[in-house]
*Asks:* 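There's a structure below that I have some questions on.
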Amino acid sequence: MARTAEPARRQPADVLPVARVCVDLPLAHLDRPFDYLVPAAWADTAVPGTRVKVRFAGQLVDGWLLDRVASSAHPGRLAYLDRLVSPEPVLDPAVRALARAVADRYAGTLADVLRLAVPPRHARVEKEAAATPGGAAPATPGGAGAAPEPGSAPAAAARGGPRPTDPDGGWSAYPAGPALLRALADGRAPRAVWSALPGESWPDRLAEAAAATADAGRGVVLVVPDARDLDLLDAACAAALGPGRHVALTAALGPAERYRRFLALRRGAVRVAIGTRAAAFAPVADPGLVAVWDDGDDLHAEQRAPYPHAREVLLTRAQLADCAALVGGYARSAEAQLLVETGWARELVADRATLRRRAPRVEAIGADPQLARDPAAATARLPSLAWDAARAALRADAPVLVQVPRRGYLPSVSCQDCRTPARCPHCQGPLGLPAAGGHTACRWCARVAAGYACPACGSRRLRAAVVGARRTAEELGRAFPDVPVRTSGRDEILGAVDPGAALVVATPGAEPAAPGGYGAVLLLDTWAMLTRADLRAAEEAVRRWMAAAALARPARDGGQVVVVADAQVPPVQALVRWDPGGYAARELADRRELGFPPAARMVSLTGTPAGLAEFLAQARLPGSAELLGPVPAGAAERMLVRVRRAEGPALAAALHAAAGVRSAHKAPHPVRVQVDALELL
DNA sequence: ATAATAACGAGA
DNA sequence: CTCGTTATTATC
């Protein structure tokens, strides 16, 4: 750690004596570079990308050395850099450009994004790795497999794994698949929205795409929603790439291991990065491919300001680096559909014949309304068709997966008679029931919907959606006394289940892998998912159903999926016909009609009434901006700003500027700005 | 946080 | 009009 000895005698460096520095402060009005002099002694070590400390307004603050330049436009006297924290240029120039673009899109600051993009330094690790001959690969290149994570090592192929005997396995199951691999191998930049077949071993496909890219000498970034998916992808990459050619990045790693793997990428020792959302910023040199799996999962949304979404980070990255991009999932998000419809990406889908060979048989059966009144009785929620499917699978000595929603979903309001979700006549937001006796009101704009009548059937009667019971496992256990019952949920997630007859009750996202696939998959309490007070409730339901249904065996091997829901509603139709693309197109069309994201851009502003008023008085919003609210949000209030998609960047700029003025004035009531906030209750 | 600077007001 | 005190604002 360098330190200047005699400040009075310091001389600026001969060449490029000015360092442009991003100070690491979360203040919007300081979101620009500040110029400092580079002491001659550090002329060669103060390189762009390194961490520095500078005296800023009297105090020592951390900063990023962004650039070395010949002169400064600053009219005043420049201060010297105070310290070089480390000679390691941890901030890749391309990552810096990416971080700037992400900050701009999300109305945030560069410093905030850099905090997400670059892990904290670990001095000992830096030293140990630098000592390695050639300064290259550390002892544990960090193939993530190398990091033992207790209790989580399911085999790669376990989860709905591919049937090795399948004649049209691998990417050739998709007509455009081989061309995709060729394009990656040739160093071209294809962009695709991939609808994975049911039963697809997506980790193997992603690993193959990564291998094709890496073999062509270019880098790869693959992002998955959670640690369980990462374990699967890690194993697949180890198989496809061989040892030491990739690293897995996850929050669960300790600071040392995290930094070690980060350095392996930054120094170019490893070219393939896989991980959860923060890995979207991994400092992979010359990326040839970025990919995100299951982009509809809300785990891809970062929890820290400025709340960027991994899909958006990766797409921005693909755009900046002019590299290939792959957005994959069993289901398709409205955002992915938008990529297809704008022509930014191509569809990568199987033909119907292949789909028929691979898909389970899917049937929808309405729950008996008479029996459904008693939500505690699992048997009441199991129509005979579901009952029969489970029995048949168990008789064939195959496991049965039962998916039930998690408790605690917010009840929203829908029509008592036809169950169409009730929406605000003014802004199309969801209606909610007041806590104590008042009127039904919009959760977005707070308008009271007094004379509400269902647009579908004209009924004036409303009902709150009921959430299913949790006792499903016990109930089923009683119904099938000889069969072992396993549960997998938020508290205890099973990685995989043994082959053989068993009942597996799981909440969405916690479905264990079943080698050979499930004989039957039952999807229960579907109304609870469909009528959630969330703009994305239906899309999310389709995503979760498809993720569970994809674990079933193909129909020709007896695999059957029963969804206990009205077969007429579009989300159920999408599952029955296994048509993620068609459903996403419909969903996006609806959102266009209603002015919802991603067709429009929405930003939520949260703060005290005074703070919001002040903020909005300050902001010069674009012409098309529409204000909705305020509505109560916990102790504070929330407003939504809606603009046409094309005005998204202008809106972000305006909000960032307003935040800047307020932070400069030390405004007492902070306002939280969230672009593309997922929950728009 | 702190330092420079603008703004202000009381007393000559 | 000047000095001393206090708000304001920029921070290399």
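In what follows, chains are A, B, ... by sequence order, proteins preceding strands, each numbered from 1.
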*Asks:* Less than 3.5 Å between a donor and an acceptor, one on the side chain of A/His29 and one on the base of C/dT11, is that the case here?
*Replies:* yes
*Asks:* Regarding A/Ala664, tell me which of base, sugar-phosphate or nothing describes its non-hydrogen contacts under 4.0 Å with the strands shown.
*Replies:* nothing
*Asks:* Which heavy atom of A/Leu249 sits nearest to which heavy atom of A/Leu230, and what is that distance?
*Replies:* O-CD2, 3.8 Å
*Asks:* Among A/Glu302, A/Gln303, A/His309, which residue meets the side-chain hydrogen bond (donor to acceptor under 3.5 Å, both in side chains) test with A/Arg277?
*Replies:* A/Glu302
*Asks:* Measure from the side-chain heavy atoms of A/Lys666 and tell me the nearest of C/dT11, B/dA1, C/dC12.
*Replies:* B/dA1
*Asks:* Going by the side chain to side chain contact (heavy atoms under 4.5 Å, CB included) test, name the single residue among A/Val90, A/Val118, A/Leu253 that passes it with A/Tyr259.
*Replies:* A/Val90
*Asks:* Take atom CG of A/Leu27 and atom C1' of C/dT9, then tell me their distance rounded to the nearest Å.
*Replies:* 13 Å
*Asks:* Would you indicate what A/Arg20 reaches in the nucleic acid, counting non-hydrogen atoms under 4.0 angstrom: base, sugar-phosphate, or nothing?
*Replies:* nothing
*Asks:* Just how far, in rounded Å, is P of C/dC12 from CG of A/Leu25?
*Replies:* 11 Å
*Asks:* Output the rounded distance in Å from CG (A/Asp35) to P (C/dC12).
*Replies:* 11 Å
*Asks:* Would you tell me if any nitrogen or oxygen in the side chain of A/Arg32 comes within less than 4.0 Å of OP1 or OP2 on C/dC12?
*Replies:* no
*Asks:* Rounding to an integer number of Å, can you tell me how far A/Arg83 CZ sits from C/dC12 C1'?
*Replies:* 19 Å
*Asks:* Please report, rounded to the nearest Å, how far the P atom of C/dC12 is from the CG atom of A/Leu65.
*Replies:* 16 Å
*Asks:* Using a 6.0 Å cut-off, check whether atom CG of A/Asp298 has over 12 heavy atoms from anything other than its own residue.
*Replies:* yes
*Asks:* Would you mind reading off the distance between A/Leu60 atom CG and C/dC12 atom P, rounded to a whole angstrom?
*Replies:* 12 Å
*Asks:* Given atom NE2 of A/His74 and atom P of C/dA10, what is their separation to the nearest angstrom?
*Replies:* 13 Å
*Asks:* Please lay out, stage by stage, how A/His246 and A/Asp234 fare under the test side-chain hydrogen bond (donor to acceptor under 3.5 Å, both in side chains).
*Replies:* CA-CA 8 Å; A/His246 76 286; A/Asp234 191 22; 2.6 Å; yes
*Asks:* Side chain of A/Leu30, heavy atoms from C-beta onward: which of C/dT11, C/dC12, C/dT9 has the nearest atom to it?
*Replies:* C/dT11
*Asks:* Rounded to the Å, how far apart are A/Arg77 CZ and C/dA10 C1'?
*Replies:* 17 Å
*Asks:* Nearest of C/dT9, C/dC12, B/dA1 to any side-chain atom of A/Phe34?
*Replies:* C/dC12
